[in-house]
Amino acid sequence: MSADSKAPGKPIKLLLVDDEEGYVNVLANRFRRRGLDVTKAYSGAEAIQAVGRDAFDIVILDLKMEDMDGLEVLRMFNRMGLNMKVIMLTGHGSQAAAREGIRLGAFDYLTKPCELNELLEKIQEACSALT
């Protein structure tokens, strides 16, 4: 899977952020099998460190994490001035927070659990919107 705005054949660089390790590991393996270059982060702090070390095209960001919520992480990303698209994952009870994330500049959000193909489509849409 490569984005139209990226060099042909170059994989999408994706940061996957969620404090549920099992979920992250399963999803990362599925993304890798589809040709994405995946980095995993199990907390907001790890996500902030990861974007400080490397450039990512897309971030999949859970809104509910133990150390800091996804909105706080998104605000930090904004302060860092990064050129990447953020797709938030939210439970049914936090859709208001997801809408706040959109207001803060996130590309979009999906409600967990979501289908893998739905998430892959959203990643492709986000890559197409990269400038």
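Excluded from the calculations below are hydrogen atoms, water molecules and symmetry mates; all remaining heavy atoms, backbone and side chain alike, are included. If you're wondering where the values come from, they're calculated on a predicted model, not measured in any experiment.
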K.L.:
Any idea which heavy atoms bring Gly101 and Leu74 closest together, and the distance?
P.N.:
O-CD2, 3.4 Å
K.L.:
Side-chain contact test, heavy atoms from C-beta onward, threshold under 4.5 Å: evaluate it for Leu63 versus Asp69 and give yes or no.
P.N.:
no
K.L.:
Evaluate the side-chain proximity of Leu27 to Leu119: yes if any heavy-atom separation is below 4.5 Å, no if none is.
P.N.:
yes
K.L.:
Do the side chains of Met84 and Leu71 join up, straight or via other hydrophobic residues, at under 4.5 Å, putting them in one cluster?
P.N.:
yes
K.L.:
Determine whether a donor-acceptor pair (N or O, by modelled atom type, separation under 3.5 Å) exists between the side chain of Asp18 and the backbone of Val24.
P.N.:
no
K.L.:
Taking 4.0 angstrom as the limit, do Arg75 and Glu72 come out as a salt bridge?
P.N.:
no
K.L.:
Closest approach of Ala129 and Phe107, non-hydrogen atoms and distance?
P.N.:
CB-CE1, 3.7 Å
K.L.:
In the structure I gave you, are the side-chain heavy atoms of Asp19 and Asp62 within less than 4.5 Å of one another anywhere?
P.N.:
yes
K.L.:
Salt bridge or not between Asp57 and Lys10? Use side-chain N to carboxylate O under 4.0 Å.
P.N.:
no
K.L.:
Within the structure provided, determine whether Lys64 and Lys112 are in side-chain contact (heavy-atom separation under 4.5 Å).
P.N.:
no
K.L.:
Can you tell which of Leu15, Val17, Leu16, Val38 makes a side chain to side chain contact (heavy atoms under 4.5 Å, CB included) with Ile60?
P.N.:
Leu16
K.L.:
As an exercise, state the distance from OG of Ser43 to CD of Glu21, rounded to the nearest 0.5 Å.
P.N.:
10.0 Å
K.L.:
Heavy atoms only: give me the nearest Gly35-Pro11 pair and the separation to one decimal.
P.N.:
O-CB, 3.1 Å
K.L.:
Is there a side-chain contact between Met68 and Ile48 (heavy atoms, below 4.5 Å)?
P.N.:
yes
K.L.:
Taking C-beta and beyond as the side chain, do Arg32 and Asn29 meet within less than 4.5 Å on heavy atoms?
P.N.:
yes
K.L.:
Tell me, do Ile58 and Phe31 make a side-chain contact under 4.5 Å, heavy atoms counted?
P.N.:
no
K.L.:
Would you kindly confirm whether Leu89 and Val59 end up in one hydrophobic cluster when ILVMFWY residues are joined by side chain heavy atoms under 4.5 Å apart?
P.N.:
no
K.L.:
Please determine whether residues Leu110 and Val86 belong to a single hydrophobic cluster, defined as Ile, Leu, Val, Met, Phe, Trp and Tyr linked transitively by side-chain heavy-atom distances below 4.5 Å.
P.N.:
no
K.L.:
Does the side chain of Tyr42 come under 3.5 Å of the side chain of Asn25 through a donor N or O and an acceptor N or O?
P.N.:
yes
K.L.:
Between Val73 and Ile87, is there a shared hydrophobic cluster once you connect ILVMFWY residues whose side-chain heavy atoms come closer than 4.5 Å?
P.N.:
no
K.L.:
Identify the heavy atoms of Ala47 and Ala41 that sit nearest to each other, and give their distance.
P.N.:
N-CB, 3.7 Å
K.L.:
Check the hydrophobic clustering (I, L, V, M, F, W, Y; side-chain heavy atoms under 4.5 Å; chains of links allowed) and say if Tyr23 and Leu14 are grouped together.
P.N.:
yes
K.L.:
Has Asp67 got a side-chain atom pairing as donor or acceptor with Ala45's backbone, closer than 3.5 angstrom?
P.N.:
yes
K.L.:
Could you check whether any side-chain N or O of Arg34 sits under 3.5 Å from a backbone N or O of Arg30, counting only pairs where one atom can act as donor and the other as acceptor?
P.N.:
yes
K.L.:
Can you tell me how far the CG atom of Asp108 sits from the NZ atom of Lys122, to the nearest 0.5 Å?
P.N.:
4.0 Å
K.L.:
List the steps and the verdict of side chain to side chain contact (heavy atoms under 4.5 Å, CB included) for Leu36 and Ile123.
P.N.:
CA-CA 10 Å; Leu36 280 75; Ile123 291 167; 4.2 Å; yes
K.L.:
Using a 4.5 Å cut-off on heavy atoms from C-beta on, say whether the side chain of Ile102 contacts that of Met88.
P.N.:
yes
